[in-house]
Number of protein chains: 2
Amino acid sequence: MAGVNETTAARTRVADAVCERLREMIFTGELPPGARLSVPALAERLEVSRSPVRDAVLRLVQERLAREEPRRGAVVAYVGAAELVAIYEVREVLEGLAARLAVENAGRRLVRALQETLEDHEAATRTADLAASTEADLRFHRLIREACGNAEVVRLLDDVQTQVRLAMRTTTVTSGPRQALDDHRAILTAIDAGDATAAEQAARAHIFRLRALLQQQAEAGA
Amino acid sequence: MAGVNETTAARTRVADAVCERLREMIFTGELPPGARLSVPALAERLEVSRSPVRDAVLRLVQERLAREEPRRGAVVAYVGAAELVAIYEVREVLEGLAARLAVENAGRRLVRALQETLEDHEAATRTADLAASTEADLRFHRLIREACGNAEVVRLLDDVQTQVRLAMRTTTVTSGPRQALDDHRAILTAIDAGDATAAEQAARAHIFRLRALLQQQAEAGA
DNA sequence: TGACCCGATTTTACATGCAATCGCAGCCCG
DNA sequence: CGGGCTGCGATTGCATGTAAAATCGGGTCA
């Protein structure tokens, strides 16, 4: 998520609030993929003028959460299976890079945090708590990328995550929870051992398997 | 009729023209890194109203060509040596991915085009034609990424190239032309042989060497 | 019955007004 | 002579007006 300045309370731009609200509406399904983002309609619905709504929609288009149809305005983006596969090809190499850099940059603190997260993930899987499991999964990946020390990698993987969330509005991404746990253990083991190459390979293999699942489901669905 | 005339026959959005003009002004150095992008001033300079200028500046910020300073408005982005190194770390894995996918997707046509480009590159190097050499270099990489069949990779590498161009406003990126040619030959050989893994490795090695040069120069400059 | 045309309505995109805010320059005071 | 303050000017961000255009509906004609 794009960090909003919270230190100064006065720093409250309406356009930012609208943008955040629109993201929320998209991810909750209130604005499903394909829905038209009519500036006047949204302005009335959110009880603000058209200017900040216009700015917000423009930003959503730039963030690839919306697409600009030729002359019909903007619509909520629809991330199809094929595009999701392409995104996962990119994600594979980026997560691999993040893991490698994390080994080279980070220390024991990262390993500790990853161990905790992995334990949470295992517990959530045992109790079949899907929300907690998903949260731990996301946290595991976020810890690695934020430890990698490369702002570009963090930004791009944040974008990837956003696109994946959007795709999940239409496509079900069900990875076997056991496989994901095994993969995460392998990544953690490599990081713990300080083996950057092994960490990169393990991270790439993890995403590769997820992508294979996606392609499999895409072909089955098609 | 200042400078807003564009060749588009049908669609003429003022904001797009302004955006393109601003990019041009940035890359030609008319707006150097750090220059303030004052909306009223630019509006008067380009003889349009503030609305399209505002939209254009917003887009430049999203494209990372400009940065939003807390309360001073937007300024042309300054890509420092450290950031450029981070970008090249990303570029390394993305170019590697593009090369691998290109081998898996493309055919003889790509090899032919790459060979031609390489010959142009060699000729330009022999005659010390820097502009032609740079053009051939860029074309080589563009051919590969556009043959990879992954729109995300193309988009991200285009962004990388934009950032690199911007960085070159302040940092000199001088790679030994001989080394670049050798690297390109190695990439082409791997693609020609249909060896995806070798192509990925060669592409990564190429960018890795460029990054090493950058780091070396950054340390020397610091 | 089906395709086409036409007009009303909505929407986009640009222009402009306006209040709050921030930077900066010059001035006053210690 | 230096530091802090105040007033001015400029800029940002929001609100609103307006012209062109395109969609969409209904109605008409073959």
Side-chain angles (χ1 to χ4, degrees), chain A residues 2-23 25-26 31-32 34-63 65-78, chain B residues 1-23 25-26 31 34-63 65-78:
Chain A
V4 182
N5 201 339
E6 72 282 352
T7 54
T8 50
R11 192 66 180 161
T12 168
R13 279 183 303 188
V14 178
D16 285 347
V18 171
C19 201
E20 194 52 44
R21 180 84 183 90
L22 289 180
R23 285 200 203 95
M25 290 167 78
I26 289 173
L31 286 173
R36 292 185 60 175
L37 295 172
S38 159
V39 170
L42 289 173
E44 189 176 8
R45 193 160 174 351
L46 301 178
E47 295 180 350
V48 295
S49 82
R50 297 173 346 239
S51 296
V53 175
R54 182 180 172 75
D55 286 2
V57 170
L58 230 82
R59 285 176 58 176
L60 289 181
V61 170
Q62 290 287 3
E63 287 178 27
L65 265 82
R67 282 175 151 79
E68 204 172 79
E69 304 261 331
R71 192 65 176 177
R72 307 162 47 92
V75 300
V76 177
Y78 173 84
Chain B
M1 310 295 179
V4 206
N5 47 2
E6 66 287 334
T7 58
T8 55
R11 221 31 94 214
T12 167
R13 275 185 303 190
V14 178
D16 285 348
V18 170
C19 202
E20 195 51 45
R21 180 85 182 91
L22 289 180
R23 283 199 203 97
M25 290 167 78
I26 290 174
L31 286 174
R36 294 183 59 175
L37 296 173
S38 159
V39 171
L42 289 173
E44 189 176 7
R45 191 158 174 355
L46 302 178
E47 295 178 353
V48 296
S49 80
R50 296 168 356 232
S51 296
V53 175
R54 182 182 172 74
D55 285 3
V57 169
L58 231 81
R59 285 177 57 175
L60 290 181
V61 169
Q62 288 288 3
E63 288 178 26
L65 263 82
R67 282 175 151 77
E68 209 171 79
E69 301 261 330
R71 283 166 173 78
R72 306 165 48 93
V75 299
V76 178
Y78 174 86

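Chain letters run A, B, ... following the sequence lines, proteins first and then strands; every chain starts at 1.
For the helix from C:dT1-D:dA30 to C:dG30-D:dC1, the angle separating the two terminal helix axes comes to 10°, with each axis derived from five pairs and the value rounded to 10°.
Put simply, the side chain of B:Leu42 reaches to within 4.5 Å of the side chain of B:Leu22, judged on heavy atoms.
Distance CD (A:Glu69) to P (C:dT11): 15 Å, rounded to an integer number of Å. Taking atom CZ of residue A:Arg13 and atom P of nucleotide C:dC22, one finds them 13 Å apart after rounding to whole Å. Summarising the geometry, the separation between CZ on A:Arg54 and P on C:dT11 is reported as 14 Å, rounded to the nearest angstrom.
Listed in residue order, the members of residues 34-49 of chain A having a heavy atom less than 4.0 Å from DNA chain D are A:Ser49.
The two residues A:Arg54 and B:Asp55 make their nearest non-hydrogen contact at NH2-OD2, 3.2 Å. The two residues A:Ala15 and A:Ala56 come nearest to each other via the heavy atoms O-CB, 3.8 Å. Smallest separation of non-hydrogen atoms from A:Glu63 and A:Cys19: OE2-SG, 4.4 Å.
Residues passing the side-chain contact (heavy atoms from CB on, under 4.5 Å) test with A:Glu47, sequence neighbours excluded: none. Every salt bridge (charged side-chain N to carboxylate O under 4.0 Å, His left out) that B:Arg67 has, sequence neighbours left out, goes to B:Glu83. Looking at residues two or more places apart in sequence or on another chain, you find a salt bridge (charged side-chain N to carboxylate O under 4.0 Å, His left out) between B:Arg59 and B:Asp16. Judged as a salt bridge (charged side-chain N to carboxylate O under 4.0 Å, His left out), and not counting sequence neighbours, A:Glu44 has no contacts.
Note on A:Arg50: a base of the nucleic acid sits closer than 4.0 angstrom, heavy atoms only.
Using a 4.0 Å cut-off, some side-chain N or O of B:Arg72 falls inside it from OP1 or OP2 of C:dC24.
Put simply, the side chain of B:Ser51 and the base of C:dA13 share no donor and acceptor less than 3.5 Å apart.
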